[in-house]
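Following: one structure in structure tokens, then a few remarks.
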Amino acid sequence: MADTLAALRSLMSSHSPPLHALIIPSEDYHQSEYVSARDKRRAFVSGFTGSAGLALITMDEALLWTDGRYFLQATQQLSDQWKLMRMGEDPPVDIWMANVTIPLLVLVYSNLPKDAAIGVDTWCVSVDTAQKWECAFAKKQQKLVQTTRNLVDEVWKNRLPAQANPVIVHPLQFAGQSVADKLKELRRKLVLGKARAIIITALDEVAWLYNVRGSDVSYCPVVHAFAIVTIDSAFFYVDKQKLSPEANSYMEENGIIVRDYGDVSSDVVLLASNQLTSCSSTKGSKGNPKIDVRNATYIGNTASHAVEFVNDLIWVDPGACCFALYSKLSADKVLLQQSPLALAKALKNPVEIEGLKKAHFRDGAAVVQYHVWLDKQMQEIYGASGYFMEAESTKQKKQLGTKRLTEVSVSDKLEEFRASKEHFRGLSFPTTSSVGSNAAIIHYKPEAETCAELDPDCIYLFDSGAQYLDGTTDITRTIHFGKPSPHEKSSYTAVLKGHISLGNARFPNGTNGQALDILARIPLWKDGLDYRHGTGHGIGSYLNVHEGPHNISFRPSARDVPLQVSMAVTDEPGYYEDGNFGIRIENVLIVKEGNTKFNFGNKGYLSFEHITWAPYQRKLIDVSLLVPEEIEWLNEYHAKCREILTPYLNTSEMEWLKKATEPIAA
């Protein structure tokens, strides 16, 4: 680590101009949350492996910013050469660097000199972020400098080479909407926005639009690719080695022009000067007539020249597009607005909703099978009282050679159960399999060499999910195989009450996720408890497990997009006690029309439908803390678990599930 920092500082000194600081974001060229192994530059430099964070290196210091999900993990992974900066508690990176005075606190941070040059690879930073930094730096005459090359890549000697993983066509039977229909709707929105083209950089948006999938990023079935769509053309920028003859034929049939991945840079320059056409890049494709988009208004499937000059903007998503591409455009000719594909992708079509439900049926069966297997193993190996009985373990002494259960070995078994299910394509994120104090690390990822052994007298939390051709899953359950303490039970029950409260909410159209977030926290707040993460995120349809643009959170971003019918969103409150235990409960919900007695203001009301099916552990629930309505809901949910999952289980598994879902007496 010291050698890496020294090498980077040497490159910073020799850079033209010399750099006073170097920013290393977590993101790749597409502003992805999850990136491929070769794009984990921040993790390589800092040693911190969480999915969110930003590193800053100066000539004297090395700092890492991350959010509350990762505070504990970062303290464990960062060496003493690094300083942890806690988002929401410490000054943000732009304030820290720009020496900005905070009036209310009457503080001035003097960390970088006036006129400092602050370097970053602008392919790895969004337009929004870069502009915010430029504005902050300008107050002290500091300058954001685009590095001539990625300096981390220069010192990362064993960086993995790029792989030519194949592009896979996603069948219409799972996608539910054709490429032609998606392009038609996108072009309609371009015209409404007075735009003649859009640059699409988010990997899941490219995959969704063209109905393709891949394996370039672990756990996310996406392809490293860009797209540009104009009124009359559609371009796909990808390593052409990834395209089979069948995939090439598919692209041609859909009028999609394939270009090399690196050509996006020069083509954006052509686009800026209105010279990017199907003819300027390759031979014309079927179904894409040559149109002068500067003078076109889009009507249905056709374009008309007989209208006034209206479409002259290029649509760029400021949160997803890298600053490097944006910098090639004329700022006054750019429509800086969230991509219209973000919402279109989040609003699941009927085929996608049906697929999500079926995927969760099979996934729920796998989770129950895992419960059954783990319950038996804990009793046989550790003398645990088990899933149902509430007693201290007998602490059996394992004989030499007796099988041990570790956080990794049991999560591997869970993957086995999922892999046996139809349409399984892999996990949707690294499984959080955590025992005792490790469960307090919100996004804990066990490693085989260092992970803990299961303990029947400690809470066990697992947060996991899978990718199926017909849907993506994400579920968290917290269980105990011994005797939970009264504090653990009351904490679990508070989390469960919040989970039920949010899942049962009815709310008017136009309500955003920030307005609903409090519902999951109130039962915890009554006991002076809380959690540092959001309560819900969108989820893809055989795409990214974390999907926007909507979410349920205390953060301001949750105000941006209201919840709408056919969106999928998680419901996952928690409580984490550093050094002791962690609790989280998570289901996936679908937003649907609400069945309300009245309709005040003719707004229309919405509600949620649970599509995740797995029992909540009865012995962790303090029933005295539940109200009758909550008990009624639990009993109804457990009855549905039995009904839905029984066809996927054998006789002994069905018997276990029947016992796990027995009605709770009010």
Side-chain angles (χ1 to χ4, degrees), residues 8 22-46 48-56 64-66 70 93 119-130 133 146-156 158-165 167 199-209 212-228 236-239 242 260-265 268 316-328 339 341-342 428-430 443 540 543-548:
L8 283 171
L22 177 67
I23 301 172
I24 305 168
S26 299
E27 292 76 18
D28 58 11
Y29 290 3
H30 304 269
Q31 307 310 299
S32 308
E33 177 187 11
Y34 293 110
V35 301
S36 66
R38 72 188 309 267
D39 289 325
K40 294 181 179 180
R41 298 178 177 92
R42 188 224 64 225
F44 165 72
V45 167
S46 67
F48 168 65
T49 60
S51 65
L54 179 145
L56 176 71
L64 179 116
W65 277 260
T66 192
Y70 295 109
V93 64
V120 69
D121 181 350
T122 53
W123 283 90
C124 298
V125 63
S126 70
V127 177
D128 260 352
T129 300
W133 288 346
Q146 178 171 348
T147 56
T148 53
R149 59 203 185 282
N150 192 293
L151 301 190
V152 174
D153 293 352
E154 295 285 307
V155 303
W156 194 353
N158 61 344
R159 184 176 179 235
L160 294 173
Q163 295 182 322
N165 299 314
V167 172
I199 301 171
I200 304 162
T201 58
L203 297 181
D204 61 336
E205 291 185 7
V206 176
W208 180 86
L209 176 65
V212 294
R213 300 295 189 267
S215 56
D216 286 347
V217 180
S218 296
Y219 310 105
C220 305
V222 294
V223 181
H224 279 139
F226 295 95
I228 294 176
F236 184 46
Y237 298 87
V238 67
D239 179 351
K242 298 179 179 181
D260 283 320
Y261 182 80
D263 288 342
V264 69
S265 185
V268 167
V316 168
D317 187 329
C321 183
C322 62
F323 195 60
L325 288 179
Y326 169 78
S327 299
K328 300 177 186 299
S339 167
L341 297 182
S428 55
F429 58 97
H443 277 192
L543 269 176
N544 292 354
V545 72
H546 290 167
E547 181 178 88

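Hydrogens, waters and symmetry mates are skipped; everything else that's a heavy atom, side chains included, is used.
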Thr129 side chain reached by Phe323 side chain, heavy atoms, under 4.5 Å:
no
Which of parallel (below 30°), tilted (30 to 60°) and perpendicular (above 60°) describes His30 and Tyr261?
tilted
side-chain contact (heavy atoms from CB on, under 4.5 Å) assessment of Asp28 paired with Leu203
CA-CA 10 Å; Asp28 58 11; Leu203 297 181; 4.3 Å; yes
Should Asp260 and Asp239 count as side-chain neighbours, where that means a heavy-atom distance under 4.5 Å?
no
Under 4.0 Å between a Lys/Arg side-chain N and an Asp/Glu carboxylate O for Lys242 and Asp216?
yes
Please check if the side chain of Asp317 supplies one atom and the backbone of Cys321 the other of a donor-acceptor pair under 3.5 Å.
no
Should the pair Tyr34 and His546 be assigned to parallel (<30°), tilted (30 to 60°) or perpendicular (>60°) ring geometry?
tilted
Side chains of Arg42 and Leu54, heavy atoms from C-beta outward: is any pair under 4.5 Å?
no
Please determine whether a side-chain nitrogen of the Lys or Arg among Asp39 and Arg159 lies less than 4.0 Å from a carboxylate oxygen of the Asp or Glu.
yes
Using modelled atom types only, decide if a donor and an acceptor are shared between the side chain of Asn150 and the backbone of Asp153 within a distance under 3.5 Å.
yes
Does some side-chain heavy atom of Ile24 sit less than 4.5 Å from a side-chain heavy atom of Leu56?
no
Please tell me if the side chains of Val120 and Pro25 come closer than 4.5 Å, counting only heavy atoms from C-beta onward.
yes
Are the side chains of Leu22 and Thr147 in contact, using a 4.5 Å heavy-atom criterion?
yes
Decide yes or no for Leu8 and Val45: does some side-chain heavy atom of the first lie under 4.5 Å from some side-chain heavy atom of the second?
yes
Side-chain donor-acceptor pair present, Gln31, Ser126, cut-off under 3.5 Å
no
Under 4.5 Å between any side-chain heavy atoms of Phe226 and Val206, yes or no?
no
Ring centroid separation His224 to Tyr29 under 6.0 Å
no
